[in-house]
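Below: the structure, in structure tokens.
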Amino acid sequence: MRIVLLGPPGAGKGTYASRLTVILGVPHISTGDMVREEINAKTELGKAIKGYSDKGELVPDEIMTKLLAKRLGEPDSEKGLILDGFPRTIKQAEALNRISKIDLVINLNVPDEVIIQRLSNRLICRRCGTIYNKLTLKPKRDNICDKCGGELYQREDDRPKVIQDRLNLYRKNTEPLIEYYKKKNLLRNVRCDDLMIPPEVIVEKIMLIIGSVQDTSRT
Ligand code: AMP
């Protein structure tokens, strides 16, 4: 199954996708991770897009679409995928239509106050990318990843001023995709009003939706 996770920054897309990828056995493709990898590796592309990412701005559609098309050309995404962070504009959604079939779009509904609390407390492992939260998903040892022992850091774009800019950008550029996918009859909503709801509870809700869509496509 080919699934898009839609939702504002800090809605939990990466956290849920990292669990769904294990359950479903399909790759988790995060364009944000791809952007950070290019930047960390200091490639020519990484140098060109660092400014956008640090300020929480969108990387131009053509660059992101090319990056994604290259990734989807790899054999592991043939049996299915979970897309996290793409599409973020109508142009990207149209490009995605040309590159890949999409079976389901999960829209994560999260109030702004939950997002701001979550992002300003988010920590990421520098080595393996595991996501933690200082309030809700604490590592066993301060600033050390439970999984690989890597150092935890706060993303440059998770600072309060940038968070608000990213939310505004989401409302303007990405929210229209909700209507876009509703019209295509692909959209299903999942609500998450409370920061303290464990990720497993939301993942279970998403799995129920996936199951019902699979049943319908079989009949
Ligand atoms: P994320 O981890 O999904 O929040 O992405 C981090 C940053 O990478 C964003 O703030 C953008 O600068 C860039 N980025 C990731 N995905 C896209 C996309 N689909 N379109 C444009 N920029 C993106």
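Atoms within a ligand are numbered from 1 in the order they appear, just like the ligands themselves.
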Exercise: do T89 and D61 side chains pair donor with acceptor under 3.5 Å
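Yes, side-chain donor-acceptor contact under 3.5 Å.
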Going by distance alone, is a donor N or O of one side chain under 3.5 Å from an acceptor N or O of the other, for N133 and N121?
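Checked: N133/N121 side chains show no N/O donor-acceptor pair below 3.5 Å.
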Checking a contact table here: which protein heavy atom is nearest atom 16 (N) of ligand 1, and how many Å away?
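Looking only at protein heavy atoms, the one closest to atom 16 (N) of ligand 1 is T31 OG1, 2.8 Å.
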Residue and atom name of the nearest protein heavy atom (relative to atom 7 (C) of ligand 1), distance in Å to one decimal:
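For atom 7 (C) of ligand 1, the nearest protein heavy atom comes out as S53 OG, 4.0 Å.
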Under 3.5 Å between any N/O of [X] and any N/O of ligand 1: does that happen in this structure?
X   : value
R36 : yes
V59 : yes
G85 : yes

Which residue from R88, R166, R155 reaches closest to atom 9 (C) of ligand 1 through any of its heavy atoms?
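Heavy atom nearest to atom 9 (C) of ligand 1 belongs to R88.
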Which option out of E57, M64, K50 puts a heavy atom nearest to atom 11 (C) of ligand 1?
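Closest candidate by heavy-atom distance is E57.
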Quick test of your reading of the model: are D112 and R171 salt-bridged, counting only N-O distances below 4.0 Å?
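Result for this pair is yes, salt bridge flagged.
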[X], [atom1] atom: more than 12 neighbouring heavy atoms under 6.0 Å:
X    : atom1 : value
K134 : NZ    : yes
E204 : CD    : no
D193 : CG    : yes

Stepwise side chain to side chain donor-acceptor pair (under 3.5 Å) test for N168 and Q164:
CA-CA 6 Å; N168 296 342; Q164 194 54 56; 3.2 Å; yes
Give the numbers and elements of all ligand 1 atoms closer than 4.0 Å to a heavy atom of Q92.
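Within the 4.0 Å cut-off of Q92, ligand 1 contributes 18 (C), 19 (N), 20 (N), 21 (C).
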Trace of the side-chain contact (heavy atoms from CB on, under 4.5 Å) decision for L20 with V203:
CA-CA 7 Å; L20 291 166; V203 167; 3.9 Å; yes
For ligand 1, the portion of L58 having any non-hydrogen atom under 4.0 Å away:
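Answer for L58: both.
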For M34, is the nearest heavy atom under 4.0 Å from an atom of ligand 1?
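Contact check M34 vs ligand 1: negative.
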Would you please determine whether K13 falls within less than 4.0 Å of ligand 1 on a heavy-atom basis?
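No, K13 has no heavy atoms under 4.0 Å from ligand 1.
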